[in-house]
Amino acid sequence: MFKKAVEAKAQQRLSGADRKKLKRTIRDRFPRASDTDIDALLPPKAEITVSKFQNRVHVYGVEGGFPLFFDVDGRGSEIYPTVFALWKLPEMLPYFMLKGGEVSRFVIGGADLMFPGISVAAEGLPLFSAGEPWAVKVPGNPAPIAVGSTTMSSAEALKAGLRGKALRIMHFYRDLLWQGHYVPNSGFLEDVVLEDPSFLASNQPSESSEGATCESDVQQSCVNNENTEGSIDVNGAISDACAASMQNDSENAAKEITTDASDLKSTANVDAAKLDIELLSLSIEDVDSHLDRCLLQALHTTVKDKDLPMPGSTSNHVLPCRPSGITLDIKKSSHKKLSKWLQAKSSTGLITVKEDKYKKEAMLISVNRGHPEYLQFKPEKRPVEKVVQAGDSAASESRSQKALEVVEVYKSSVHVNPIFASVGADTGKLYSASEATDIVFKYIEKENLVKQTNKATVVLDATLCDALFKGAIKKGSTYPTEIHKKDLGATFINRMQAHHMVTRGGESVVRKGVLKTVQIVTERRQGNKKVTKVSGLETFLIDPEALASELQKKFACSTTVAELP
């Protein structure tokens with residue numbers, strides 16, 4: 001389903017009516033999920049977005065977060081949870097348990113699940129009908145690794161002798177949806193998920209022999225495949241070698257892209273006069289030579305065959321390979337234009353370049369790794385961003401002091417004020433989620449509301465019932481008389497006023513409401529000219545003027561700062 005990348009046609013926020021319709025569809029299709037479970041995935045006060053793709057697939061998620069559900073045909077009849085949603089609610093779907101790691105390798109490779117690979121319990125095959133959504137798990141790990149649709153009913157499967165295809169896999173761990181290709185502006189998604197502490201903490205490797213076999217298989221696969229950026233075994237543990245590689249990649253990416261305001265101001269003035277002098281001293285032949293060496297360095301180190309074809313304007317391959325202290329401008333070369341330079345290298349047989357007739361852009365199709373120039377070139381081994389890492393201690397200390405910190409806090413509201421007053425808590429103070437939960441449990445302990453026959457259940461008195469449900473229950477409906485402890489904290493926090501605190505260095509600000517993400521939108525103007533709009537930087541205490549100045553130099557483009565209407 002998600003084996004090929006598809007361009008998004010549109011991305012938009014859901015209206016209130018569409019949000020209710022989506023939750024109603026999810027509730028009807030997945031009866032195992034309660035209203036509390038659905039609200040945990042799609043919080044009532046969060047913005048929900050839908051990304052629509054050319055293959056009719058609709059992907060739903062919380063704005064700025066991971067994809068949670070996808071609709072195969074865009075009509076709402078075939079909606080499935082992603083592995084991200086299933087990692088949060090593993091019991092949302094019934095599941096097939098695999099026999100071991102040998103089978104899991106094929107499933108996370110994109111193959112459909114066959115009946116011989118399913119571990120059947122002693123009580124027999126569970127009942128199911130054709131076309132039902134089911135998940136796939138491995139022994140010893142509650143986190144599903146794939147989701148799909150049954151191809152036949154349990155009765156038909158028994159009649160066939162448990163042979164043939166059991167599950168048509170729609171989405172699996174490490175497919176393009178998981179990697180973020182189906183979520184606009186989310187090239188960081190793979191790094192974030194691999195190091196997501198909530199997933200790693202709740203899914204430690206199993207002690208069982210089957211889990212150990214599965215772990216060793218996936219770890220061996222990670223070691224043998226040099227093109228794999230990072231690997232996580234199906235028991236939820238990242239292999240040490242691949243995790244280290246993944247961490248290095250994410251750190252380098254962070255140093256390249258994510259910089260705070262102090263970095264932007266400090267790097268803008270570093271040896272500017274010196275660089276201008278060196279740039280002026282380069283002749284046309286020197287620029288041509290540097291460009292050729294940078295291309296060969298990139299072909300040896302960062303351009304992999306699995307990434308082809310790629311746009312010729314991709315700047316994170318050739319530009320990082322330029323020598324330290326030298327700025328290369330294609331306009332200073334004999335070719336004057338990027339497309340002409342690529343065509344010139346294509347005419348030598350080193351690479352194959354073809355123009356995209358729709359985007360009017362040169363595309364790198366293939367690399368001739370048997371070309372004499374490629375074979376004779378010896379790539380340099382040099383540390384990435386050595387200049388940044390070798391900065392003086394004062395600059396490093398300044399950057400560490402200006403690290404960004406974002407904290408979600410909550411304030412008492414009119415609904416929960418009686419609870420705070422009863423335990424003597426300050427209603428004007430800001431509380432973290434754990435502190436707010438402690439307050440409601442202090443009230444329960446004070447009023448002795450724990451059910452004696454079931455310690456996991458809390459009996460609701462009039463004050464607590466009004467605090468949790470007054471105004472949230474439809475007229476004519478009966479108010480609940482008790483609530484499970486695991487649902488109490490989230491319900492209580494949802495009745496409070498959400499705030500967020502952003503701190504950068506010595507500067508700190510508290511704002512009401514949920515944290516708004518940075519919005520990045522690309523528009524096409526005047527034919528093939530593209531304009532990228534970035535908004536919402538002030539939320540994270542980033543100076544737009546300083547960022548615009550840095551981006552202008554980094555991407556060799558014009559930038560403008562304007563007030564939003």
Taken to the nearest 0.5 Å, the spacing of F66 CZ from T82 OG1 works out to 10.0 Å

OG1-NZ distance between T559 and K554, expressed to the nearest 0.5 angstrom: 14.0 Å

Which pair of non-hydrogen atoms, one from P544 and one from V561, has the smallest distance, and what is that distance? O-CG2, 3.9 Å

Quick one: are L308 and L364 in side-chain contact, heavy atoms under 4.5 Å? yes

Please round to the nearest 0.5 Å and tell me the distance separating atom CH2 of W134 and atom CG of L113. 11.0 Å

H335 vs Q343 side-chain heavy atoms within contact, under 4.5 Å: no

Using the benzene-type ring in the case of Trp, are the ring centres of H300 and F377 under 6.0 Å apart? yes

Provide the closest heavy-atom pair for P90 versus P142 in the form atom of the first, atom of the second, distance. CB-O, 3.3 Å

Heavy atoms, side chains only, cut-off 4.5 Å: are K336 and K331 in contact? no

Side chain to side chain contact (heavy atoms under 4.5 Å, CB included) between L291 and W341, intermediate numbers included: CA-CA 9 Å; L291 285 174; W341 174 56; 3.8 Å; yes

Which atom pair, heavy atoms only, marks the closest approach of P379 to T301? CB-CG2, 4.4 Å

Would you please test T539 and T517 for side chain to side chain contact (heavy atoms under 4.5 Å, CB included) and show each step? CA-CA 8 Å; T539 302; T517 57; over 6 Å; no

Can any side-chain N or O of Q297 pair as donor or acceptor with the backbone N or O of E380 at less than 3.5 Å? yes

Do D286 and S283 pair up side chain to side chain, a donor and an acceptor below 3.5 Å, judged on atom types alone? yes

To the nearest 0.5 Å, how far apart are CD1 in I169 and CZ in F106? 13.5 Å

Does the side chain of I108 reach to within under 4.5 Å of the side chain of R174, using non-hydrogen atoms? no

Got more than 12 heavy atoms from elsewhere within 6.0 Å of NZ, K529? no

Please answer whether the main-chain N or O of I330 pairs with a side-chain N or O of S333 as donor and acceptor at a distance below 3.5 Å. yes

What heavy-atom pair brings V83 and A146 nearest, and what distance separates the two atoms? CG1-N, 4.2 Å

Any side-chain heavy atom of V50 sitting closer than 4.5 Å to one from Q12? yes

Is a side-chain donor or acceptor of D71 paired with a backbone partner of R75 at a separation under 3.5 angstrom? yes

Under the salt bridge (Lys or Arg N to Asp or Glu O under 4.0 Å) test, residues paired with K340 that sit two or more places apart: none

Stepwise side chain to side chain contact (heavy atoms under 4.5 Å, CB included) test for Y60 and L14: CA-CA 9 Å; Y60 298 91; L14 292 185; 4.0 Å; yes

Using residues 345-353 as the side-chain source, report each donor-acceptor pair under 3.5 Å to any protein atom, sequence neighbours left out, with the distance given to one decimal.
residue	atom	partner	partner atom	Å
S346	OG	I351	O	3.3
S347	OG	A344	O	2.5
T348	OG1	K345	O	2.6
T352	OG1	S366	OG	3.0

With ring pair (Phe, Tyr, Trp, His ring centres under 6.0 Å) as the test, pick out the partner of H171 among W178, Y80, F70. F70

Within the distance-only criterion (no hydrogens, no angle test), does the side chain of K533 pair as donor or acceptor with the backbone N or O of Q519 below 3.5 angstrom? no

Residues D288 and S334: closest non-hydrogen pair is OD2-OG, 2.7 Å

Spacing of E507 atom CD and L404 atom CG [to the nearest 0.5 Å]: 11.0 Å

Is there a side-chain contact between L98 and I145 in this structure, where contact means two heavy atoms from C-beta onward sitting under 4.5 Å apart? yes

Full working for side chain to side chain contact (heavy atoms under 4.5 Å, CB included) between E373 and D292: CA-CA 10 Å; E373 287 186 37; D292 292 346; 5.9 Å; no

State, with a plain yes or no, whether a side-chain heavy atom of L299 is found less than 4.5 Å away from one of L295. yes

A side-chain contact here means heavy atoms from C-beta on lying under 4.5 Å apart; do L177 and P67 qualify? yes

Nearest-0.5 Å distance that lies between atom CG in D112 and atom CZ in F172: 10.0 Å

Is it true that atom CZ of R369 has more than 12 heavy atoms of other residues, nucleotides or ligands lying nearer than 6.0 Å? yes

Hey, is E47 close enough to K516 for a salt bridge, meaning N to O under 4.0 Å? no

Shortest non-hydrogen contact between P81 and V147, atoms and distance: O-CG1, 3.5 Å

